[in-house]
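Computation of the quantities below employed the complete heavy-atom set of this structure, encompassing side-chain atoms and omitting hydrogens, waters and symmetry-equivalent molecules. A note on names: the letters A, B, ... follow the listed sequences, proteins ahead of strands, and every chain is numbered from 1.
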Amino acid sequence: MEETDPDHEGSEEKGTNPVVVILVGAPGSGKSTFCNDVIGAGRRPWVRVCQDTIASGKAGTKSQCLKSATDALKDGKSVFIDRCNLDKEQRSEFVKLGGERVDMHAVVLDLPAKLCISRSVKRTGHEGKLQGGKAAAVVNRMLQKKELPKLNEGFLRITFCQDENDVKDAVKTYGALGPSDRLATGIFGQKKQDSKVQLGIMKFLKKVETPDKLCDVNNKISDGIAAPKLESQMNDPCSMDIEKENKVTEDVGKKELLEESSRGDGSIHVLTLAFPSISTADFQFNHEKASDIIIDSVSDFLSKVDNGRLVLVDLSHKSHILSLVRAKAAKKNIDQKRFLTHVGDITQLCSKGGLQCDVIANAANWRLKPGGGGVNAAIYKAAGEALETATKERADTLNPGSSVAIPLPSTSPLYQKEKVTHVIHVLGPNMNPQRPNCLENDYLEGCKVLRNAYSSLFENFASIIQSQRNIKESNGNSRYGCSELPNNVAEESNNNKFSYGDQKSKRGGFDESERKKKAKPEHKEKQKDEKIDPKRTWGAWAEALHQIAMHPEKHKDAVIEVSDDLVILNDLYPKAKKHILVLSRFPGLDSLADVRREHLPQLKEMHAVGLKWIEKSQNDDASLIFRLGYHSVPSMRQLHLHVISQDFESAHLKNKKHWNSFTTYFFCDSADVVEEIDMYGSARLNDDEKLMSMELRCHRCRSAHPNIPRLKAHISNCKASFPSTLLQNGRLVFASSKAINPS
DNA sequence: GTTCTAGAAC
DNA sequence: GTTCTAGAAC
C-alpha cells in the first residue's frame, strides 16, 4: 500500500535544523490536540503558534503569528503553525519561514467533514470560539475552499492523515523526533485516487487527470433520491444524508429477501449470486463509470433470466461504489427483490449476514492464485485448499473481461458453513499502474472489458441456474448436492443456453485473439504473432553487449568471468553501488521476449550465477540488498540479467527512465520469469512505455517525489521496509545471517 | 539566474 | 545505453 510504516520512516538523518510544521485542517480536525500531543512527548523544544490565542489569549493577526514563529526559530525551537491553513495563499507567508536552516513540513488533518463538524459543535469554550450550530456552516464553507498542500509550495515533507489511526501515527512520528533528527522527505500517507488529496498530487505530478468528481456524485445522488441539504455538500463522499437514505433502501430489500428465503422448506429458494464490485478497489476503476456498467449488466440479466437473484456486496457502510449503485438502481426502478446491495463480508453472508448466497463471485487475479489482498485473498482463505485444487483442475489463467465458474467441493468450509456451492472467478480491467496489464486510463477499452466481465459472470450464473433446473426436472428434487453439478456449468461462460446472443455481438472488436493479446496469459499465441512481426532492429550502440557475448576475449577489461554459456560483467554505467550483468551467450536470444521453455536451464543458471555473485558481494558488505531481473524491453541486444543492489546510490542514475526501469513492473524479477517460463513457456512482459514516465516513487516506502534529485535525497535516507510484494518469492536477496554474523 | 526534463543524435 | 542542449519549471 501507499502508506509508510511510521516505525520505519522516523528519524533517519542527523542535523540541527529546527522544523516548522504547518497544520492544515478544518476546525475540529484536531490540530491543537495534535500539537499538544507532540509537544507533550518532550523530545524537542516546540512552540505552538495559534492565531486564536496569540494576543494574550485572544485572536490575533497573521503577522503576529509570523513574528512569534520567527522568534521561536531564532531560539532554535521548532514551530507548529496551528491555524486552518486550508488554502495555498493562507500558507504562503508561513512557508517562507523555511529555508536552508529551517525544514518546512505540512501535516494535513483531512478527516471526514462530519467528524470535524460534530467536534466543533460539541466543544464549549474552545479557543476559536466556533461553537454550536454555526460550526457546521463554517466548516462546510471552509472545506469548499480546501486546497491541499503540494511539495512545490516549498514543503520538504507532507503527511496526510485521513483517519484517527493516521493521526496517531503522525503524532508518534513527530513525537519521537529528537532535537537532531530529521524526517524523510516526500509525501506520506496519501490514499487512493478518489479523494481531493490526490487531485493535488496529480497536479504536482503534472498528470492532470480528473478523478471522480465527488461533489458531482453527491449531487447526482441527491437529485435522485434525497433532497440535498447542507451536509450533502461536504467533501466526504459518503455524507450523512446519503448514507442514511441508502440504508433505508438497503434494509427494505434485505427484509424482503429474508422473507422470501425463509418461506417454507427451501423449494422456493431463489438461487442467489453475491458479487463484489469488480475493478473498483485495487484496480482503481472509476466508480461513476463502474456503477453505470453494474446497473446496465444487472438490468440485462434480470430481463433475460427469469430466475435468480443478484447481490452486490461491499465491506463498509461507507462504500462509495455501493452508494452509487444503490442510488442508480433506485432511479432506474430495478426490482428490489431481485437485485440488492449488502454491507458485509462476502465470505460470511449466510452465517453473519443472514443471506444465503449459493454462488459468490471472486475478484480474481489473472493467475487464479490465492493471496494478494481484498476479496481474492478472503475468499481463498475462507474456502480453503479445496477451492485452490478445484480451480487448478478447471483453468490456469483468466483473461480480463472473462470468468470461470468452479463448483465448490463439499469439503470446503465455505460450502459447509455458508452453503456456497460455486465460486465464479472473474477478472476485470485494471487501471492501476502498479498492477499488471494497466489500461492507462483507456476507459474506452476499460468499460468494454468491465462489461464483458459482468456479462460473463452473469452468464456463468445463469448456466448454474439452468443446470440446477434441469437436474430438478429430470431427477426430482435435489438428488444432487449442488457441488455435484455436471461439469458443463464450470466451463468458461459461453455455452450457456440463455439468450445472451445479442450480448456477444455487443462485444464486437474484442474477440478471443484480441483478448489474449491484451491479457497475455496465453503465451502460446505469441510465437505465432512474432512470425508476423519482424524482429526488432537495434541501433549500433545497442550491439555492445551482443559483441561481448559473442567475443568475450576481445573485451577482457569489461568482463569479470566467462563460461561457455555466460559472461558476467560490471554494468558500464552502474545505477547502484553494485550492479552487474549476467549475459547469455546464446545466439538469437536478444531479449526476454525471445525466451522459451527450451531456454529454462540457462535462465536458471543465470539466476544461480547471479545469486552466487550476490553472496560474494554480501560477504564484503552485508548491508547490501539485491534484486535480480530483466527489463521488459531492454535497450541493448542480447539477453542480460541485471543484478543490482537496492541502494541506487550512483551518479549514473540520472533520469526517470533509469529509476522506473528498475522499480516498476517493467523490471521482471528473475524468480518470476523462471516460474512463468516453466508454467507457460514464455515470460510475461510489462512493456507499456508509460511505465517509464510514471511518477517517481520510493521503492521502499512508496512516497512520491517531484524530481530525481529530490527522490535521490529521499532514498539515500529511507529505511522503511520494502513493500510486501518484493519480500515474497525471493525477489529481494538479503545477506544470510551467516554473512551478517560471521561467527 | 539556476535546476531539471525530455528529445535528438550517436 | 549516454551525451548534449533547448527550453520549461522553479
Protein-nucleotide distance ([X], atom [atom1]; [N], atom [atom2]), rounded to Å:
{"X": "A:Trp541", "N": "C:dC4", "atom1": "CH2", "atom2": "P", "result": "17 Å"}
{"X": "A:Leu711", "N": "B:dT3", "atom1": "CG", "atom2": "P", "result": "19 Å"}
{"X": "A:Glu689", "N": "B:dA6", "atom1": "CD", "atom2": "P", "result": "14 Å"}
{"X": "A:Lys656", "N": "C:dA8", "atom1": "NZ", "atom2": "P", "result": "17 Å"}
{"X": "A:Leu696", "N": "B:dA6", "atom1": "CG", "atom2": "P", "result": "9 Å"}
{"X": "A:Glu543", "N": "C:dT2", "atom1": "CD", "atom2": "P", "result": "17 Å"}
{"X": "A:Met692", "N": "B:dT5", "atom1": "CE", "atom2": "C1'", "result": "16 Å"}

Is any side-chain N or O of [X] closer than 4.0 Å to OP1 or OP2 of [N]?
{"X": "A:His631", "N": "C:dG1", "result": "yes"}
{"X": "A:Lys150", "N": "C:dC10", "result": "no"}
{"X": "A:Lys654", "N": "C:dT3", "result": "yes"}

| field | Salt-bridge present (A:Asp590, A:Arg536; N to O < 4.0 Å) | value | no
| message | One thing to verify: whether A:Glu93 and A:Lys96 come together as a salt bridge, which I'm taking to mean a side-chain N less than 4.0 angstrom from a carboxylate O. | response | yes
| field | Sugar-phosphate, base or nothing in reach of A:His658, heavy atoms under 4.0 Å | value | sugar-phosphate
| task | Would you classify A:Leu545 as touching base, sugar-phosphate or nothing, given that sugar-phosphate means primed atoms plus P, OP1 and OP2, and contacts are heavy atoms under 4.0 Å? | result | nothing
| Considering residues at least two apart in sequence or located in another chain, which fulfil the side-chain hydrogen bond (donor to acceptor under 3.5 Å, both in side chains) criterion with A:Asn85? | A:Arg83
| Pick one: which of A:Tyr573, A:Phe662, A:Trp613 meets ring pair (Phe, Tyr, Trp, His ring centres under 6.0 Å) with A:His579? | A:Phe662
Which listed nucleotide ([options]) is nearest to the side chain of [X]?
{"X": "A:Ile708", "options": "B:dT5, C:dG1, C:dC10", "value": "B:dT5"}
{"X": "A:Asn707", "options": "C:dG1, B:dC4, B:dA6", "value": "B:dC4"}
{"X": "A:Pro709", "options": "B:dA6, C:dG1, B:dC4", "value": "B:dC4"}
{"X": "A:Lys575", "options": "C:dT2, C:dT3, C:dC10", "value": "C:dT2"}

| request: Might you work through the salt bridge (charged side-chain N to carboxylate O under 4.0 Å, His left out) test for A:Asp672 and A:Arg731, ending with a clear yes or no? | output: CA-CA 8 Å; A:Asp672 295 336; A:Arg731 295 180 181 111; 2.9 Å; yes
| query | Is the ring centre of A:Tyr573 under 5.5 Å from the base ring centre of C:dG1, and are the two planes under 30° apart, so that they stack? | reply | no
